[in-house]
Protein chains: 2
Amino acid sequence: MNSGFLASCAQIIGQDHVLTSESDQQAYLTDWRQRYTGKAMAVLLPTSTEEVAALVALCAQHRIPCVPQGGNTGLVLGSVPDQTGQAVVLSLKRMDRVLAVDVSNNTMTVQAGCLLANVQAAAEVHQRLFPLSLASEGSCTIGGNLATNAGGTAVLRYGNSRELCLGLEVVTPKGEIWNGLRGLRKDNTGYDLRDLYIGAEGTLGIITAAVLKLFPQPRASLTALAAVPSADAALQLLNVARSDLGPILTGFELISDFSLQLVLKHFPLLKKPLDSNCPYYTLLEISDHESEEHANGLMESVLAKALEHGYATDAVCATSISQSKTLWQLRENISAAQAMEGKNIKHDISLPISDIPTFIDMADAALHAAFPGCQIVCFGHLGDGNLHYNVSAPVTMRDTDFIQQQQAVNRIVHDRVHGLNGSISAEHGLGMLKREEITLYKSALELSLMRSIKAALDPDNIMNPGKLI
Amino acid sequence: MNSGFLASCAQIIGQDHVLTSESDQQAYLTDWRQRYTGKAMAVLLPTSTEEVAALVALCAQHRIPCVPQGGNTGLVLGSVPDQTGQAVVLSLKRMDRVLAVDVSNNTMTVQAGCLLANVQAAAEVHQRLFPLSLASEGSCTIGGNLATNAGGTAVLRYGNSRELCLGLEVVTPKGEIWNGLRGLRKDNTGYDLRDLYIGAEGTLGIITAAVLKLFPQPRASLTALAAVPSADAALQLLNVARSDLGPILTGFELISDFSLQLVLKHFPLLKKPLDSNCPYYTLLEISDHESEEHANGLMESVLAKALEHGYATDAVCATSISQSKTLWQLRENISAAQAMEGKNIKHDISLPISDIPTFIDMADAALHAAFPGCQIVCFGHLGDGNLHYNVSAPVTMRDTDFIQQQQAVNRIVHDRVHGLNGSISAEHGLGMLKREEITLYKSALELSLMRSIKAALDPDNIMNPGKLI
């Protein structure tokens, strides 16, 4: 049966694009963090929406599970197949073309396999900005970004991937093509299919193309780092910045002192930008449509106010693009620095922003009580209420032993997140990794509503089974 | 059977809140534009989510259709019952409380029956802005705004209702309560139920409460009116304004000269703010977080650039709040002025912004060919690609005769909208009015996907049947 199916696949996309050998498949079967390797009957590499549709129709006919894959950079095992070897991986990476740019409508139509960095670059050619920006932008695809509703570092100003997409093209689990490639700011003609497919992690259909929102390029970007005496003070500073800067405040990141120390230890070329020591630092980014001078004036006035009220104790404002980059590197290398210390237990949580200080106090205390000496690397997108709250072993414990405690650590962290009406996956999704975990926190009704939708749109459970739901 | 059902309703909400007499029901059965009056078995006025749930469970048990209603200000017959008299109207208007304000999280939790104007006022008490703003804000409810994904005059900067809502509470067609009242900027834990209920016009469940996004109040708002030589020039001006003002450009409205003349004719207290005559005018609104002086400087520089490039031929900038209001009245009284001329055929369309000039040329020509002398009142939210393109009878024709041509006029307008990949309902929804019309333009697949969702979430077709789908 499989040989007939594979022959039909080869008829659609050519033998060269049906990968069946272990070595050819390797990169498609192992996740980004290299924790898991699945098995697949084949990896399929279509080059057009019609080919995707024909392949999915074939999967439907043969009841073969289909795992859509973009850049395979996900952190929750959403884009790799399970161990059965019965599924095919359908990689969109050959569908990497920019189809159209409408400068005056501020939109761009792209195939799902476009690398995020290439989408950004294509916008720049037209003096436009596509603001989605993530650590993996050189490897991840826009289709994957949309399927997981990726967040990143400019959500405060521009929103998540969801808010950056106006229209989609989707291949359904039956192999039909839904053309929803509309470049409209307003369209109230029925159910919001677009937002249902966005964030569905490929379990309801395969996103094959999208219409993205573009923005005029700001004339100046400016970064500053402020030392703050507490998480509460960071929150006060955020509120002052939001009030005085309005929508030009683009990013507002929190970095605990311990996180910063790890980066300075493992990246010796990066220097500490402030002399003082403080429990937390905040990174502020603004993007301004007037001028560098104007941006500077605004940032300085916000920082002066923060210093005056004691929300900050010290601050530095980048005076060049390279200084800005250096400040961002302090933030962006935290995960890498913690990894150099050994394995750790990661969380990607969100909370009402007002509850962040309470959460940190409660979770820190509970973790230190349960695992004395454990090392907490707390940082993230404070402006979005999103923390990456990662826990490393006490220095007296081997990291491999500590990792065995993942369930207990998750329970301590996630119970407190849930108690504050937060989310256990802010921007990474559920995939295989948190699919069980979420059932502890979502109501039976919500899970049942989600299952009804899955059953209605994918009755044979062919699309990315075992993920999300 | 009905008497048993009504007695049970009375047990839940009290006899006084089960309206069965014609006179008591009157206001709930006729639509805002007074074109249609339906019939209902009863109008039910619950005061809590639990009461709504109990009433809907009762409807489900007795298979009685349920028509949710907010302020009943909709324009597409979405909130009134049909002629059968078998349905109940479930009015949320007694559920009008602000439940919580979290200033630091910039969120507010409200019951669905809150008037939009009261939501705005409650935000203002806390020095916050809830930016949704519509002509009917004194009468419409936030639940209705969300059920129809209302747009309004600040979409360019703040988005539609969809973008202003973080969480919902919904009573399902079975009478269960889904608590999705989350105040989170990021939450990727499953299908986007929130956005599925938003814009579903009460056909999938009843929105009973919502968590809304608040914003810091801008320090200055400023309005200007510019005379522009063509729709194309208006578009050029929009692009300059977006580029130079960035996100502080809050509104960008288009007004045809004929629309303005009608307002000046029927509202003699309003004076023409510019001496020159031009085919179009644009209204620009900015909201600034610095100061009035700063806002003024920016607006003047944009207008100067537009005059220099010929995108505008004349312009005036409001120098006081009352002048701003007067400029807005020119825009806001267009519909009323056209109504004073007689009945007309309205459209609420959206297009890729870049195609607006092409559309106007094509539709104007086709209408004038088919109905020589017909009068086109073209205005709307150009910044969102949304036009209200309304057509009145030629002066030689009685308006009642012209109205008989509605189908033919709709076909001319909507076919051209569809040809340019636009939408026949930008911000008003489908209701009963456009439910048939949309089947001409949506693909069979999209309609079938929508029907699958309806069947999955409301298998007995109890929620607002005959609307949207």
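Just the heavy atoms: all of them, side chains too, but no hydrogens, waters or symmetry mates, feed the values below. Just so it is clear: chains get the letters A, B, ... in the order the sequence lines come, proteins before strands, and each one is counted from 1. These figures come from a predicted structure and were not determined experimentally.
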Review point. If you take all heavy atoms of A:Ile248 and B:Pro247, which pair is closest and at what distance?
Key: CG2-CG, 4.3 Å
Check your understanding: What distance do B:Leu184 atom CG and A:Asn386 atom CG have between them, rounded to the nearest 0.5 Å?
Key -> 10.0 Å
Review point. Just wondering, do B:Asn179 and A:Ser443 contact through their side chains at under 4.5 Å, heavy atoms?
Key: no
Review point. Non-hydrogen atoms of chain A under 4.5 Å away: do they reach the side chain of B:Asp288, the backbone, both or neither?
Key: neither
Point to revise | A:Asn421 side chain to B:Gly183 backbone, donor-acceptor under 3.5 Å | key: no
Check your understanding: So do B:Ile453 and A:Leu193 actually touch side chain to side chain, heavy atoms under 4.5 Å?
Key -> yes
Check your understanding: Okay, side chain of A:Asn188, backbone of B:Asn149: is any donor-acceptor separation there less than 3.5 Å?
Key -> yes
**Study point:** Largest heavy-atom contact set with chain B, pairs under 4.5 Å, which of A:Gln236, A:Arg435, A:Lys454
**Key:** A:Lys454
Exercise for review: Select one option (side chain, backbone, both, neither) describing which atoms of B:Leu245 are under 4.5 Å from chain A's heavy atoms.
Suggested key: backbone
Study note, to complete from the structure: Of B:Gly246, B:Gly180, B:Ser425, the largest count of non-hydrogen pairs under 4.5 angstrom with chain A goes to B:Ser425
**Study point:** From B:Lys174 atom NZ to A:Leu445 atom CG, the distance as rounded to the nearest 0.5 Å
**Key:** 8.5 Å
Exercise for review: Show your working on salt bridge (Lys or Arg N to Asp or Glu O under 4.0 Å) between A:Asp348 and B:Lys186 and close with a plain yes or no.
Suggested key: CA-CA 10 Å; A:Asp348 166 40; B:Lys186 286 181 175 173; over 6 Å; no
Revision key, fill the gap. If one checks every heavy atom of B:Val155 against chain A at 4.5 Å, the contacting part turns out to be side chain
Point to revise | Option that, when pairs with chain B are counted at under 4.5 Å, heavy atom only, ranks first among A:Glu201, A:Lys442, A:Gln217, A:Lys434 | key: A:Lys442
Review point. To the nearest 0.5 Å, how far apart are CD1 in B:Ile198 and CG in A:Asp192?
Key: 8.5 Å
Review point. Which one, A:Glu290, A:Glu163, A:Gln127, leads in non-hydrogen pairs under 4.5 Å with chain B?
Key: A:Glu290
Review point. Do you see a donor-acceptor pair shorter than 3.5 Å between the side chains of A:Asp187 and B:Ser423?
Key: yes
Check your understanding: Can you tell me how far the CD atom of A:Glu176 sits from the OG atom of B:Ser448, to the nearest 0.5 Å?
Key -> 6.5 Å
Exercise for review: Select, from B:His381, B:His428, B:His294, the one with the greatest count of heavy-atom pairs under 4.5 Å involving chain A.
Suggested key: B:His294
Revision key, fill the gap. Counting heavy-atom pairs under 4.5 Å with chain B, the top scorer among A:Ala150, A:Ala456, A:Ala426 is A:Ala426
Review point. Do B:Asp102 and A:Ser354 meet the criterion of a side-chain donor-acceptor pair at a distance under 3.5 Å?
Key: yes
Point to revise | Contacting region of B:Tyr441 [heavy-atom separation from chain A under 4.5 Å] | key: neither
**Study point:** Largest heavy-atom contact set with chain B, pairs under 4.5 Å, which of A:Gly159, A:Gly385, A:Ser350, A:Gly422
**Key:** A:Ser350
Exercise for review: Measure the CG-OG distance between A:Asp458 and B:Ser452 for me, rounded to the nearest 0.5 Å.
Suggested key: 11.5 Å
Review point. Checking B:Ile177 against chain A: side chain, backbone, both or neither under 4.5 Å from a heavy atom?
Key: backbone
Check your understanding: Counting distance only, does the side-chain N/O of B:Asn160 pair as donor-acceptor with the main-chain N or O of A:Arg185 below 3.5 Å?
Key -> yes
Exercise for review: Heavy atoms only: give me the nearest B:Tyr191-A:Met450 pair and the separation to one decimal.
Suggested key: CE1-O, 3.4 Å
Review point. Given the options B:Leu235, B:Leu204, B:Leu166, B:Leu196, which has more heavy-atom pairs under 4.5 Å with chain A than any of the others?
Key: B:Leu204
Check your understanding: Any idea which of B:Leu447, B:Ile438, B:Ile353 has the most non-hydrogen atom pairs under 4.5 angstrom with chain A?
Key -> B:Ile353
Study note, to complete from the structure: If you tally heavy-atom pairs under 4.5 Å between each of B:Gly190, B:Ser301, B:Gly199, B:Gly151 and chain A, the highest tally belongs to B:Gly190
Check your understanding: Do B:Asp244 and A:Arg219 sit within salt-bridge range, that is, some charged N less than 4.0 Å from a carboxylate O?
Key -> yes
Practice item. Look at B:Val76, B:Asp355, B:Asn106 and state which one has the largest set of heavy-atom pairs under 4.5 Å with chain A. Key: B:Asn106
Practice item. With a 4.5 angstrom heavy-atom cut-off, could you sort out which part of B:Leu181 is near chain A: side chain, backbone, both or neither? Key: backbone
Check your understanding: Measuring heavy-atom distances to chain A, does B:Leu430 have an atom under 4.5 Å in its side chain, in its backbone, in both, or in neither?
Key -> both
Exercise for review: Heavy-atom distances under 4.5 Å only: say whether B:Thr172 touches chain A with side chain, backbone, both or neither.
Suggested key: side chain
Point to revise | B:Arg182/A:Glu446 ion pair, N-O < 4.0 Å | key: yes
Exercise for review: State the CG-OG distance between A:Asn239 and B:Ser104, to the nearest 0.5 angstrom.
Suggested key: 4.5 Å
Check your understanding: Given the rule in the side-chain contact (heavy atoms from CB on, under 4.5 Å) test, do A:Leu298 and B:His289 qualify, once you have shown the distances and angles that lead to the verdict?
Key -> CA-CA 10 Å; A:Leu298 282 178; B:His289 281 261; over 6 Å; no
Exercise for review: May I ask you to say whether A:Asp195 pairs ionically with B:Arg194, meaning some side-chain N is under 4.0 Å from a carboxylate O?
Suggested key: no
